[in-house]
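To start, the structure under review is shown below, and the notes come after it.
No hydrogens, no waters, no symmetry mates; every other heavy atom, side chains included, goes into these values.
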Amino acid sequence: DQKPTPAANPGSIQSNPPKPLIAVPESELIKQVLAGDMTAARELYNAHVAAVHRLSLRMTGDPALAQEVTQDSFVRAFKTLQTFRGDAAFATWMHRIATSTALNAIRSRKRWNARYADMDDVELKGGAAQQRREAEPDLKVRLYAAIDALPDIYRAVFVLYDVEGHTHDEIGALLGIPNGTSKARLSAARTKLRAALHEFEGEWANA
C-alpha cells in the first residue's frame with residue numbers, strides 16, 4: 001500500500017525518517033554494543049537520535065516531553081538490545097520503541113502543546129480536510145484538542161500517516177499491526193476529527 005509522494009512544500013512537516021549514515025554496518029555496531037563498547041553505543045545513538053526525536057515531538061507536541069521520550073526510548077532500546085533479532089531494520093525496531101514510549105508518556109501527561117507551530121501545517125488527507133493558515137485561532141485550538149482526545153491507538157496511526165508520512169505497511173511494521181488494521185484506525189481517527197470539528201466546516205477546504 002503506497003502513498004503518492006507529497007509535493008515539496010517548505011511549510012510541510014511531512015517526511016519519512018532519513019536513512020542513518022553509519023561508518024560501519026549496524027549489525028557490527030550492535031554486536032559491539034552488546035559486548036560493552038560504549039563508543040559503538042554512542043555511534044548507534046547518534047545515527048538514530050534525530051529521527052527518534054522528530055517522531056517523539058510529533059507524537060507528543062511538547063518539546064520537553066519529546067526530549068524525555070527520546071531519552072527513555074534509547075534507554076529501553078539498549079536495555080533490550082539483546083532481543084533485537086534483525087528481522088526488521090534497526091530503525092524500524094527503534095521507531096516501534098519510540099512510538100510505544102511516546103504513547104505511554106501521552107497517557108501520563110495528556111496535553112497537546114498549542115504552541116507547537118509546525119502542527120499548523122497538518123494535512124488531513126483522504127477526504128478529511130486541509131487546515132488553512134488563515135484559519136481562526138479557535139479552529140487551531142480545537143484541532144489540537146481533537147487530536148489529543150483521540151484514543152491512543154487512533155492517534156498513533158493518524159500521526160504516523162498524516163503527519164509523519166508513513167505508508168500503512170510501514171505503520172504496520174512500527175506498531176506490530178496488520179495493514180488493514182492501520183487503515184481502519186486511520187479512517188476512525190479522521191471520522192472522529194471530522195465530528196469534533198464539524199462546526200468549523202466552513203473553515204476547511206476539501207482535500
Side-chain angles (χ1 to χ4, degrees), residues 1-4 6 9 11-17 54-63 65-66 69 73 95-207:
D1 179 55
Q2 297 294 330
K3 291 169 47 184
N9 181 353
S12 174
I13 62 173
Q14 291 188 337
S15 63
N16 285 315
R54 181 172 57 251
L55 175 63
S56 301
L57 184 58
R58 291 172 181 174
M59 289 288 287
T60 65
D62 182 323
L65 185 56
V69 168
S73 295
H95 260 54
R96 187 179 298 124
I97 290 176
T99 298
S100 174
T101 303
L103 290 174
N104 288 336
I106 290 169
R107 291 187 190 103
S108 63
R109 194 184 298 185
K110 293 276 288 180
R111 65 191 177 95
W112 192 277
N113 190 342
R115 292 172 295 177
Y116 184 27
D118 280 349
M119 283 301 293
D120 287 351
D121 295 319
V122 167
E123 291 183 355
L124 306 182
K125 294 188 173 19
Q130 178 179 6
Q131 182 181 352
R132 294 179 178 177
R133 287 187 174 276
E134 66 271 18
E136 292 298 325
D138 284 349
L139 172 58
K140 296 177 183 180
V141 171
R142 286 287 295 274
L143 173 62
Y144 304 138
I147 295 172
D148 186 44
L150 287 173
D152 296 330
I153 60 173
Y154 300 138
R155 186 194 304 110
V157 174
F158 172 80
V159 170
L160 290 171
Y161 188 93
D162 275 339
V163 179
E164 277 279 294
H166 287 285
T167 66
H168 287 294
D169 286 337
E170 292 168 340
I171 294 170
L174 289 171
L175 301 182
I177 59 176
N179 182 295
T181 299
S182 177
K183 292 179 180 179
R185 290 181 182 180
L186 178 64
S187 178
R190 288 170 171 167
T191 297
K192 291 176 182 296
L193 289 176
R194 282 196 294 267
L197 300 169
H198 178 71
E199 65 185 274
F200 293 97
E201 190 171 6
E203 296 287 343
W204 297 70
N206 291 330

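- With contacts defined as side-chain heavy-atom distances shorter than 4.5 Å, the pair Lys192/Pro151 qualifies.
- Residues Leu160 and His95 have side chains not in contact (no heavy-atom distance under 4.5 Å, counting atoms from C-beta outward).
- The main-chain N or O of Ala149 is never found under 3.5 Å from a side-chain atom of Arg155 such that the two would form a donor-acceptor pair.
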- Determine, stepwise, if the pair Arg190 / Tyr161 fulfils side chain to side chain contact (heavy atoms under 4.5 Å, CB included). CA-CA 11 Å; Arg190 288 170 171 167; Tyr161 188 93; 3.5 Å; yes

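- When all heavy atoms are compared, the tightest approach of Ala105 to Val69 is CB-CG2, 3.7 Å.
- The side-chain hydrogen bond (donor to acceptor under 3.5 Å, both in side chains) check on Ser182 picks up His168, with sequence neighbours excluded.
- Between Ser73 and Ala98, the closest heavy-atom pair is OG-CA, 3.3 Å.
- For Ile147 against Leu193, the heavy-atom pair with the smallest separation is N-CD2, 3.8 Å.
- Taking both residues in full, the closest heavy atoms of Leu150 and Ala189 are given as CD2-O, 3.9 Å, listed atom of the first, atom of the second, then distance.
- Nearest heavy atoms, Ala196 versus Ala146: CB-CB, 3.9 Å.
- Nearest heavy-atom pair across His166 and Ile171 is CB-CG1, 3.8 Å.
- Atom-to-atom distance recorded for Thr181:OG1 and Leu186:CG is 12.5 Å, nearest 0.5 angstrom.
- Put simply, CD on Glu170 and CG on Leu175 are 11.5 Å apart, with the number rounded to the nearest 0.5 Å.
- Counting only heavy atoms from C-beta outward, the side chains of Val159 and Thr99 never approach each other to under 4.5 Å.
- Looking at Ser100, its side chain never comes within 3.5 Å of a backbone N or O of Arg96 through a donor-acceptor pair.
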- Task: Any chance you could lay out the side chain to side chain contact (heavy atoms under 4.5 Å, CB included) test for Val157 and Ile153, step after step, and finish with the verdict?
- Result: CA-CA 7 Å; Val157 174; Ile153 60 173; over 6 Å; no

